[in-house]
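Throughout, protein chains are lettered first and strands after them, A, B, ... in sequence-line order, and every chain is numbered starting at 1.
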Amino acid sequence: MTTRVRFAPSPTGYLHIGSARTALFNYLYARNTGGKFLLRIEDTDLARSTEESTQSILQGLAWLGFAPDEEIVFQSNNADKHRETARKLLAEGKAYRDFTPKAEPTDANVKDTIKDRARANQGEKNMRDNPYRDISAEESDARAAAGEPFAIRLKVAETGKTSFEDAVYGLQERDYTETEDLVLLRSDGHPLYNLAVVCDDIEMEITHVIRGQDHLTNTHKQVLIYEALGVTPPVFAHLPLIMAPNKGKLSKRKHGEVVSMTTYRDAGFLAEAFRNFLALLGWSASEEQEIYSLDELVAKFSLEGIHRSNAVFNFSPDDPRKWTDDKAQWMNAEYIRTMPLDRLLPHVKAELKAAKLWRDEYEDDDKAWFDNTLNLIRQRFFTLKDFSSQGRAYFSEDFDFDPAAIEKNLNKFPDLKTWLPELADRFEREFEGLAYTEENIEMVVKAFTEEKGTKLGVIMNGARTMLTGVAVGPSMLSVFETIGLEKTLLRLRSQLAWGS
RNA sequence: GUCCGGUUCGUCUAGGGGUUAGGACACCGCCCUUUCACGGCGGCAACACGGGUUCAAAUCCCGUACCGGAUACCA
């Protein structure tokens, strides 16, 4: 039997980093076992589901490269089947009508309300005390026929326990006394999550359910439904959760954009780098390797390698340099500077195009120069954005000067204001009949430096600021050569950076 | 409250009866160098606590603490 897994997000927000990892693990498991990776949108909560959210999730998945192997299933389309299933269980006596009036929703935080109510019960609530659990079928039918609204609840046995072997957490058991007679169908006729999930997983012939550990108790309820339906449940594998730096819940409300997948796309992350990072959050191949291609991840992935303890997504909101997990940043930089250039090229092209810095010559006449330049500058870049920001001066005359660079490399040496234009004149003379190459540039600059009785660094760093606008970058000799003589002269003579 | 789960450097993790407890990121230092966020070398830094079992426990067992999840006519 081929494995069939599904990623089943509910469209109530963007693609969360934790959901993205769940999608990744499902995808890896499907590929590893030669099975199918399916996508189901769990939009049964009409009030909270939005089309916009669905699109955002789909975009996130597309960016990460996880295309479903079959058509996307929208859970709301299956509501009739879910209702039918509930009615079937009712007819078989495995479920019953609950005529208790629906409690009006509280305006307060729902989670807290539930928690308080549960605490008030002191854990001694009898889960089988519903007055409608054992009324006669005649009475139940009569009241229903009279138009009295009712929810349908699963009739959980008085004694016994649910159990399943979780592929990550091992044997899980839960006494029936801990599980209430869960509602399958709301009084307004809408199927509830646990019923919908089970029906759809059966319908989609899901063999392995890989999802967050927050579903562990749901699983017991779902096992009950499988049993009532007489269907063998799939294999369950629950994933540890991804937490905020204080080990609390990672949420949009509290942590903002760091948890959204689109943030990383927009910040110039490479999907493959982020995938790699995500894979190592809660899973490991029990070895010291850190960088994995998708193929390697697929080959090495296993449910056994999934951890049981939660992982912290580490970032400091108050430190701009650590706005997101520093390992993710390092990994992205690692990919940018080491991946084959031809794979990086399309991404750089897109970035330069977006910044209006792209020129078609970079793909034909100037390709050699362009490739060379990218290889030079990518060594110190962290994101794709750097190509259009820090690297802007390589592609445009219109670039900004970093105030810190001006302060450090120009203002501290006022002589440079005349020296640099002088150096331009020298370059112009010397390179009239001499090749503008690193060796020759070095020779000329050194001679110039000695004449001025200053240090090479003063001239070089001053020139760096004038030529690139920033204080960091590759060897200055390479920069001179890459920028080219003509632009070098122009920029050395410009008084722009000196401000007033 | 109750049920379930977890706990190795700041973070991600390896190890799962005998290890100088390993790696990566971050941080710090040195080197390279014209600067630097590249590179090289090095350093700091962890088995939550208490009991057992054992010749030997980070590793197995029990308890405690702490953290997390769940506890809906949400998903």
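At a threshold of 4.0 angstrom between heavy atoms, the contacts of A/N218 include nucleobase atoms, whether or not backbone atoms are also involved. Counting non-hydrogen atoms under 4.0 angstrom, A/M331 reaches nothing in the nucleic acid. If you check every strand for non-hydrogen atoms under 4.0 Å, A/P149 touches nothing. Residue contacts for A/R48: at a heavy-atom cut-off of 4.0 Å it reaches a base atom on one of the strands shown. The residue A/L185 sits apart from the nucleic acid: no heavy atom pair falls under 4.0 Å. At a threshold of 4.0 angstrom between heavy atoms, the contacts of A/Q329 with the nucleic acid are absent. When heavy atoms are screened at a 4.0 angstrom cut-off, A/Y193 is found touching base atoms of the nucleic acid. Nucleic acid contact class of A/Q172 (heavy atoms, under 4.0 Å, all strands): sugar-phosphate only. Heavy atoms of A/T465 sit nowhere under 4.0 angstrom from any nucleic acid atom.
Atom pair A/M466:CE and B/rU34:C1' shows a separation of 17 Å (rounding to whole Å applied). If you measure from atom CZ of A/R308 to atom P of B/rG5, you get 11 Å, rounded to the nearest angstrom. What separates NE2 of A/H238 from P of B/rA70 is a distance of 12 Å, to the nearest Å. Atom P of nucleotide B/rU34 and atom CD of A/E439 are separated by 16 Å, given to the nearest angstrom. Summarising the geometry, the separation between OH on A/Y176 and C1' on B/rC3 is reported as 16 Å, rounded to the nearest angstrom. Summarising the geometry, the separation between NZ on A/K221 and P on B/rC74 is reported as 11 Å, rounded to the nearest angstrom. Residue A/K322 contributes atom NZ, which lies 12 Å from atom P of B/rU11 at whole-angstrom precision. Atom C1' of nucleotide B/rC73 and atom CG of A/L182 are separated by 11 Å, given to the nearest angstrom.
Summarising the base pairing, B/rG39 is matched to B/rC31 through a Watson-Crick or G-U wobble pair whose two defining distances lie under 3.5 Å. The base-pairing partner of B/rA24, taking Watson-Crick or G-U wobble contacts with both distances under 3.5 Å, is B/rU11. Base pairing analysis places B/rC3 opposite B/rG69; the two distances defining the Watson-Crick or G-U wobble pair are each below 3.5 Å. Base-pair partner of B/rG17: not found among the strands shown (Watson-Crick or G-U wobble, both distances under 3.5 Å). A 3.5 Å limit on both hydrogen-bonding distances identifies B/rG52 as the Watson-Crick or G-U partner of B/rC60.
Remark: the separation of the P atoms in B/rU64 and B/rG5 is 15 Å, to the nearest Å. Taking atom P in both B/rG39 and B/rC25, the straight-line distance is 9 Å, to the nearest Å. For the C1' atoms, the distance linking B/rC30 with B/rG68 amounts to 42 Å, nearest Å. Only the P atoms considered, B/rC66 is 15 Å distant from B/rC49, to the nearest whole Å. Rounded to a whole angstrom, the distance from the C1' atom of B/rC47 to that of B/rA14 is 13 Å. When the P atom is used for both B/rA46 and B/rC41, the distance is 24 Å, rounded to whole Å. Nucleotides B/rU54 and B/rU20 have their P atoms positioned 25 Å apart, rounded to a whole Å. As rounded to the nearest Å, B/rC60 and B/rG17 have P atoms that lie 7 Å from one another.
Residues passing the ring-ring contact (aromatic ring centres under 6.0 Å, His included) test with A/F236 are A/F164, sequence neighbours excluded. In this structure A/K408 satisfies the side chain to side chain contact (heavy atoms under 4.5 Å, CB included) test with no other residue, sequence neighbours excluded. Scored by the side chain to side chain contact (heavy atoms under 4.5 Å, CB included) test, A/R491 finds A/A393, A/E397, A/F399, A/L467, A/I483, A/K487 as partners (sequence neighbours excluded). A/T437 is linked by a side chain to side chain donor-acceptor pair (under 3.5 Å) to A/N440, counting only residues two or more places apart in sequence or in another chain.
Taking a centre distance below 5.5 Å and an interplanar angle below 30 degrees as the stacking criterion, A/H215 stacks against the six-membered base ring of B/rA75.
Between A/Q213 and A/Q75, the residue anchored nearer the 5' end of RNA chain B, judged by the nucleotide with its closest heavy atom, is A/Q213.
Between A/R186 and B/rC74 there is a side-chain N or O to OP1 or OP2 distance below 4.0 Å. When the side-chain nitrogen and oxygen atoms of A/T12 are compared with OP1 and OP2 of B/rA75, none of them lie within a distance under 4.0 Å.
A donor-acceptor contact under 3.5 Å is not formed by the side chain of A/N194 with the base of B/rA75. For A/S187 against B/rC73, a side-chain N or O and a base N or O form a donor-acceptor pair under 3.5 Å.
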For nucleotides 12-21 of chain B, 5' to 3', base contacts (B), sugar-phosphate-only contacts (S) and non-contacts (-) with protein non-hydrogen atoms under 4.0 Å give BSSS------
Quick tally for nucleotides 35-46 of chain B: nucleotides whose base has a protein heavy atom under 4.0 Å get B, sugar-phosphate-only ones S, the rest -, giving BBBBS-------
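No hydrogens or angles considered: nothing links the side chains of A/R211 and A/T22 as a donor-acceptor pair under 3.5 Å. Side-chain contact check for A/H220 and A/Y176: no donor-acceptor pair (N or O, by modelled atom type) lies under 3.5 Å.
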Evaluate side-chain contact (heavy atoms from CB on, under 4.5 Å) for A/I72 paired with A/R40, printing each intermediate quantity in order. CA-CA 6 Å; A/I72 300 172; A/R40 182 173 72 226; over 6 Å; no
Margin query: Using ring-ring contact (aromatic ring centres under 6.0 Å, His included), reason through A/H215 and A/Y193 one step at a time and then give a plain yes or no.
Written below: CA-CA 11 Å; A/H215 285 284; A/Y193 174 74; 5.7 Å; yes
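Cation-pi geometry between A/R275 and A/F277 is not satisfied (NZ or CZ under 6.0 Å from the ring centre, within 45° of the ring normal). Taking the ring centre of A/F448 as origin, the terminal cationic atom of A/R426 falls outside the region bounded by 6.0 Å and 45° from the ring axis.
Not less than 6.0 angstrom separates the ring centroid of A/F150 from the ring centroid of A/Y96. With ring centers used as reference points, A/W323 lies 6.0 Å or more from A/F315.
From A/M243, atom CE reaches atom CG of A/L281 across 12.0 Å, with rounding to the nearest 0.5 Å.
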